[in-house]
Undergrad: 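Pasting a structure below so you can have a look.
Heavy-atom basis, side chains included; hydrogens, waters and symmetry copies ignored. By convention in this document, chain letters (A, B, ...) are assigned in the order of the sequence lines, proteins followed by strands, and residues within each chain are numbered from 1.
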Protein chains: 4
Amino acid sequence: MGTGTGKQQRRGNTRQRIQDVALELFAEQGYEKTSLREIAERLDVTKAALYYHFKTKEDILTSIFDDSTRPIDELIAWGHEQPQPPSLDVRKQVLSRYSEILVDAAPLFRFMQENQATVRDLKTGESFKDRMFGLYDILKDPDAPMADQVRCFSALFTMHGGMFVLKDIDGDPEEKRKAILEVAIDLVTQAHSGD
Amino acid sequence: MGTGTGKQQRRGNTRQRIQDVALELFAEQGYEKTSLREIAERLDVTKAALYYHFKTKEDILTSIFDDSTRPIDELIAWGHEQPQPPSLDVRKQVLSRYSEILVDAAPLFRFMQENQATVRDLKTGESFKDRMFGLYDILKDPDAPMADQVRCFSALFTMHGGMFVLKDIDGDPEEKRKAILEVAIDLVTQAHSGD
Amino acid sequence: MGTGTGKQQRRGNTRQRIQDVALELFAEQGYEKTSLREIAERLDVTKAALYYHFKTKEDILTSIFDDSTRPIDELIAWGHEQPQPPSLDVRKQVLSRYSEILVDAAPLFRFMQENQATVRDLKTGESFKDRMFGLYDILKDPDAPMADQVRCFSALFTMHGGMFVLKDIDGDPEEKRKAILEVAIDLVTQAHSGD
Amino acid sequence: MGTGTGKQQRRGNTRQRIQDVALELFAEQGYEKTSLREIAERLDVTKAALYYHFKTKEDILTSIFDDSTRPIDELIAWGHEQPQPPSLDVRKQVLSRYSEILVDAAPLFRFMQENQATVRDLKTGESFKDRMFGLYDILKDPDAPMADQVRCFSALFTMHGGMFVLKDIDGDPEEKRKAILEVAIDLVTQAHSGD
DNA sequence: CATGAATGAGTATTCATTCAT
DNA sequence: CATGAATGAATACTCATTCAT
């Protein structure tokens, strides 16, 4: 049998490999600056092979996005089943679960964050925005004072920003994640007690 | 005769007009997706004319950045003159002044935020990052617990994010700015009291 | 159970179906602009399947052409058996029979007419031209004055052109065909009486 | 001074040269099969140079067409000033003038004739068709019997077809043109006397 | 101060074709 | 009988940049 490496082993999983390499390069260099030539070369296939698996460049991105995004959709769906306005506990849970999702989908989120301008007029961009507001919808209490609404947004931003800036900072990743989550939870807690 | 509008009036300030139009387009569509042809066309000059005023495309961006960024440099310089670790009052003042700077330089910041991937390997990108860490350096207390450090970062992020997300939200701009500033100040205050 | 429509029913006649769809698309959009992907998709088979039935794209066209063209070959063969120069009656019969052939093979002829440039350096193109001159050979009298030779060509052209332009014009198709045939016969009649 | 050949001399007339070479190649090989690379190579410039002068490939064709087509527009305009239905003399003059126009614009017309399928969904195709019907409108008498209407169309077709088929035939070009014109005039004369 | 003309390197995308299964 | 996966070569088009005038 023998687990052949190289050209042999890669049958059937080309589609997946394209997505992996593409996301890696998109995150590293940006969407516009990553050419299909580059992706193809790194996979050691021709550009045309990419077009066998995906209809367009945008389609590659979309497919990655749709696959990684399911957990968030589930979280949003769960949130919408909860009573409105949300209890503090629901808010905390949302943040907590979101924090874990972010860790898994880190490269994609980093990409989204850093390529907003590019992605804005792609379908992917719209979906992303929708999801952000979807989360915000769950956290927010529309009757709360403005500062408390800001706090909810801020909690989300803290988590996003934190994920990617703190890598330039010393410390254990898991510990950092927890610190970030703590601050975010603090923010919604204050927003809640303001009621 | 007469002062004439249009082509006549725009003598001598072409350089400035290029910067204005360029920033507008960069912010609207992204740096990569904005071509020099587009900038030139909107100004009703030829592409070659742009090269009379600026050495490269990047140079246009750099020049805009350097011009709009001075107030931040001054703020950082002022901050560094203050004793370390910073008093709560200093922290508050930094955020407050930064908040005003952000309002004025909104398009540039929006651009920076949305084009990180692109701008990362431009000189401009480096400078921007330096400035962010410059501000953070002033706010932070290296001996504080991690959560408090996160709070300082979070304060900065809240301000950045707030500026651009809250435009999708109802309410008077100045009021929103104040709410954002309030939350940011709250964050550093808590960070401070943790000492 | 049941004779089943769709995929089931189409056994064995795939080759024919390819030809039909191909001709339809070739006529509609032109040979170059019709891709094998398009043909395959419309038939709900893969491109590779086309290659099971035909060696090349050109081969598809050639096969259609060869199949639809037999009646003309027979007409030409018949014409060549007649005494030279042809009697007026022979000429009339040739036109008359040709008129009917044209009706049946309309899509192919339309295609040929509209894709001359493309088809010129395909085998098919050569064959087509040969056949045109074959017909002309039967009609013409090499000793007649030039104007009469033109009339013979004109008769042929009238029939070709007529078929495809008159569809943009009101009136019953069969009536139009007859009017066209009448004019064509008139032309060869005049050519003949000039002798 | 010296009339430098080669790269020197060709300043200012590049646009014209592109049109010339393009028409030559379009007519020779067809529109689709002529690539911009080929045009550029034959002119010894880069592809990008073509794009300095024309916005798209189609634009090259359109520009050629618009330039060569003016005489026909004038002829149509003149025809529309004449009383309706047209006198026999007007009809003859239209054909006669059209015959001369065709000689001058021969390559373009040959191209149009041979690339109908391709050109159909280009602006140029529409314009061409419009012009054909424009001429037909002048010649036709809507109240005449169908056969006479066919004769008018036939006259036009005879001229078009004649131009390009007769080159495969022996004889002096000018003499052939006259024979063709004679047949065409005969056709409209008959159509007229049928009134 | 600016333009007209051009370039070289690149891009995403499409196509006819092949072949092992 | 047909497909899934891939290729090589091409295509139209765009862009930042240059330079003589």
Undergrad: What pair of heavy atoms forms the shortest contact from B/A117 to A/G30, and how long is it?
TA: CB-CA, 3.8 Å
Undergrad: Please list, chain by chain and in numerical order, all residues satisfying side-chain hydrogen bond (donor to acceptor under 3.5 Å, both in side chains) with B/D67, sequence neighbours excluded.
TA: none
Undergrad: How close or far is atom C1' of E/dA16 from atom CG of C/L61, stated in whole angstroms?
TA: 15 Å
Undergrad: Is any side-chain N of the basic residue among B/E41 and B/R37 closer than 4.0 Å to the acidic one's carboxylate O?
TA: yes
Undergrad: B/L43 has an atom CG; how far is it from atom P of E/dC1, in whole Å?
TA: 16 Å
Undergrad: Without decimals, in angstroms, what is the distance between D/D44 CG and E/dA5 P?
TA: 18 Å
Undergrad: Nearest-Å distance, CG (D/L122) to C1' (F/dA12)?
TA: 13 Å
Undergrad: Within this structure, what is the CD1-to-P distance between C/I39 and E/dC15, rounded to whole angstrom?
TA: 11 Å
Undergrad: Just to verify, what does D/K123 make a side chain to side chain contact (heavy atoms under 4.5 Å, CB included) with, not counting sequence neighbours?
TA: D/E58
Undergrad: Residues in side chain to side chain contact (heavy atoms under 4.5 Å, CB included) with C/A48, at least two apart?
TA: C/T46
Undergrad: Could you pull out all residues at least two apart from D/E28 that satisfy salt bridge (charged side-chain N to carboxylate O under 4.0 Å, His left out)?
TA: none
Undergrad: Taking Watson-Crick and G-U wobble pairs with both distances under 3.5 Å, convert DNA chain F into its dot-bracket string, 5' to 3', dots for unpaired and | for cross-strand pairs.
TA: .||||||||||||||||||||
Undergrad: Could you check how far CD of D/E41 sits from C1' of E/dT7, rounded to whole Å?
TA: 15 Å
Undergrad: Just to verify, what does D/K55 make a side chain to side chain contact (heavy atoms under 4.5 Å, CB included) with, not counting sequence neighbours?
TA: D/D59
Undergrad: Can you sort out the partners of C/D121 under side chain to side chain contact (heavy atoms under 4.5 Å, CB included), two or more places apart, ordered by chain and number?
TA: D/K33
Undergrad: Could you check how far CG of B/L50 sits from P of E/dC1, rounded to whole Å?
TA: 15 Å
Undergrad: Can you measure C/F54 atom CZ to F/dA2 atom C1' for me and round it to whole angstrom units?
TA: 15 Å
Undergrad: Mapping D/H53 and B/Y52 to their closest nucleotides on DNA chain E, which lands nearer the 5' end?
TA: B/Y52
Undergrad: Is the distance from OP1 or OP2 of F/dA6 to the nearest side-chain N or O of A/T14 less than 4.0 Å?
TA: yes
Undergrad: Do nucleotides 14-19 of chain F as a string where each nucleotide becomes B, S or -: B if the base has a protein heavy atom under 4.0 Å, S if just the sugar-phosphate does, - if no protein is that close.
TA: BBBBBB
Undergrad: By the ring pair (Phe, Tyr, Trp, His ring centres under 6.0 Å) test, which pairs, at least two apart or in different chains, include something from residues 28-59 of chain C?
TA: C/F26-C/Y31
